[in-house]
Amino acid sequence: MPNLKNLKVRINSVKATQKITKAMQMVAASKLRRATEQVEASRPYAERMERVLRSLASRVIVTDTTPKLLAGSGSDQVHLLILATADRGLCGGFNTSLVRAAKRQIQILTAQGKTVKVLCVGRKGRDQLRREYGSLIIDTVEGIGRKRLAFSEAQAIGDKVIALYEAGEFDVATLIFSHFKSAINQVVTLQQLVPFATPEAANDSQASAAGSGAVYEYEPEEEAILADLLPRNISVQIFKGLLENAASEQGARMTAMDNATRNAGDMIGKLTLEYNRTRQAVITRELIEIISGAEAL
């Protein structure tokens, strides 16, 4: 028969845990609201910049003077994966889903004979990849957005990526992040950053021209504009991806803590029921002993 004291200790322990998970849920809900506002504010700018660049890129004929961020290095042998995760856990399957996508991409590229390098943005991604693919990790960026995510932090990562590209360290760079849809729905997304992806640019440009019949003239030339905007676009897209990640992290944490709070409540109910049954059994046994002793006298 379970000890009453042990049951009481377990009930108090679960109640204390429930208070912690409830507090974490409320904090995550507050942070989610602010993160959602940032995401919704950043999406129009990032999407419009990408649309403008696609329109410009569709008009450019690749030559020796074309910016390398658009033309590429002429090879796709070395791939850089920029894996964006959180620095902390207790957010459900948020980090695991991103790392799983990164591992799957590494396996696909390796099977094709490609060389893979990984830049981890967030400690959890590095920790989970280190055991199996530690040799592929070239750098880790931690402490992003501890208070409020700033564009300067994304720009620093963008500058690092551009510096690696100019040094010939990779040919293709892909950002892996979690696209925020709702607190219970986040979609792992892979977005190519380098070279600038333009498979849909020609179709978009043709469709736009067919619909409006408008012809644009650029000053300065398209290549000069691209040379200035393409590096900035990398930082903008990384910034948007990190904002999406921040909102997804808080949404996943809020959902996870809500589930943990509910589970703690269910456990408290079961333990309390067991405690009451055990206590009743102890009282009944003591009464039987008293009655038996009285009859013996």
Can a side-chain donor-acceptor contact be found between Ser73 and Asp171 if the only test is distance below 3.5 angstrom? yes
Ser235 and Gly158 have their tightest heavy-atom pair at OG-CA, 3.9 Å
Spacing of His79 atom NE2 and Thr110 atom OG1 [to the nearest 0.5 Å]: 10.0 Å
Below 30° counts as parallel, above 60° as perpendicular, anything between as tilted: where do the rings of Phe151 and Phe239 land? perpendicular
Starting from the C-alpha separation in whole Å, work towards a yes-or-no answer on side-chain contact (heavy atoms from CB on, under 4.5 Å) for Phe170 and Gln77. CA-CA 8 Å; Phe170 67 88; Gln77 181 60 33; over 6 Å; no
Value rounded to 0.5 Å, distance of CG in Leu98 from CG in Leu190: 9.5 Å
Where do Arg33 and Gln250 land on the side-chain contact (heavy atoms from CB on, under 4.5 Å) test, with the steps shown first? CA-CA 9 Å; Arg33 184 172 61 253; Gln250 299 305 329; over 6 Å; no
Salt bridge (Lys or Arg N to Asp or Glu O under 4.0 Å) with Asp127: which of Arg131, Arg130, Lys124? Arg130
By salt bridge (Lys or Arg N to Asp or Glu O under 4.0 Å), Lys68 pairs with (sequence neighbours left out) none
Listed by chain and number, what are the ring pair (Phe, Tyr, Trp, His ring centres under 6.0 Å) partners of Tyr45, not counting sequence neighbours? none
Distance check, rounded to the nearest 0.5 Å: Arg10 atom CZ versus Asn3 atom CG? 12.0 Å
Measure the spacing between CD of Gln18 and CG of Asp266 and express it to the nearest 0.5 Å. 9.5 Å
Might you point out which heavy atoms bring Leu81 and Ala102 nearest each other, and give the distance in Å? CD1-O, 4.1 Å
Can the positive tip of Lys8 be found less than 6.0 Å from the middle of the six-membered ring of Tyr275, inside 45° of the ring normal? yes
Has Asp139 got a side-chain atom pairing as donor or acceptor with Leu119's backbone, closer than 3.5 angstrom? no
I'd like to know whether CD of Gln280 has more than 12 heavy-atom contacts from other residues, nucleotides or ligands below 6.0 angstrom. no
Check this for me, if you would: do Arg253 and Glu249 make a salt bridge, where the nitrogen-to-carboxylate-oxygen distance has to be below 4.0 angstrom? yes
Applying side chain to side chain contact (heavy atoms under 4.5 Å, CB included) between Ile234 and each of Ile238, Val236, Leu230, report the one that passes. Ile238
Which heavy atom of Ser178 sits nearest a heavy atom of Ser248, and at what distance? O-OG, 3.1 Å
Within the 4.5 Å heavy-atom criterion, are Val118 and Cys120 side-chain neighbours or not? yes
Pair listing, side-chain hydrogen bond (donor to acceptor under 3.5 Å, both in side chains) test, anchored in residues 181-195, at least two apart: Gln191-Gln237
If you take all heavy atoms of Val14 and Ala264, which pair is closest and at what distance? CG1-O, 3.5 Å
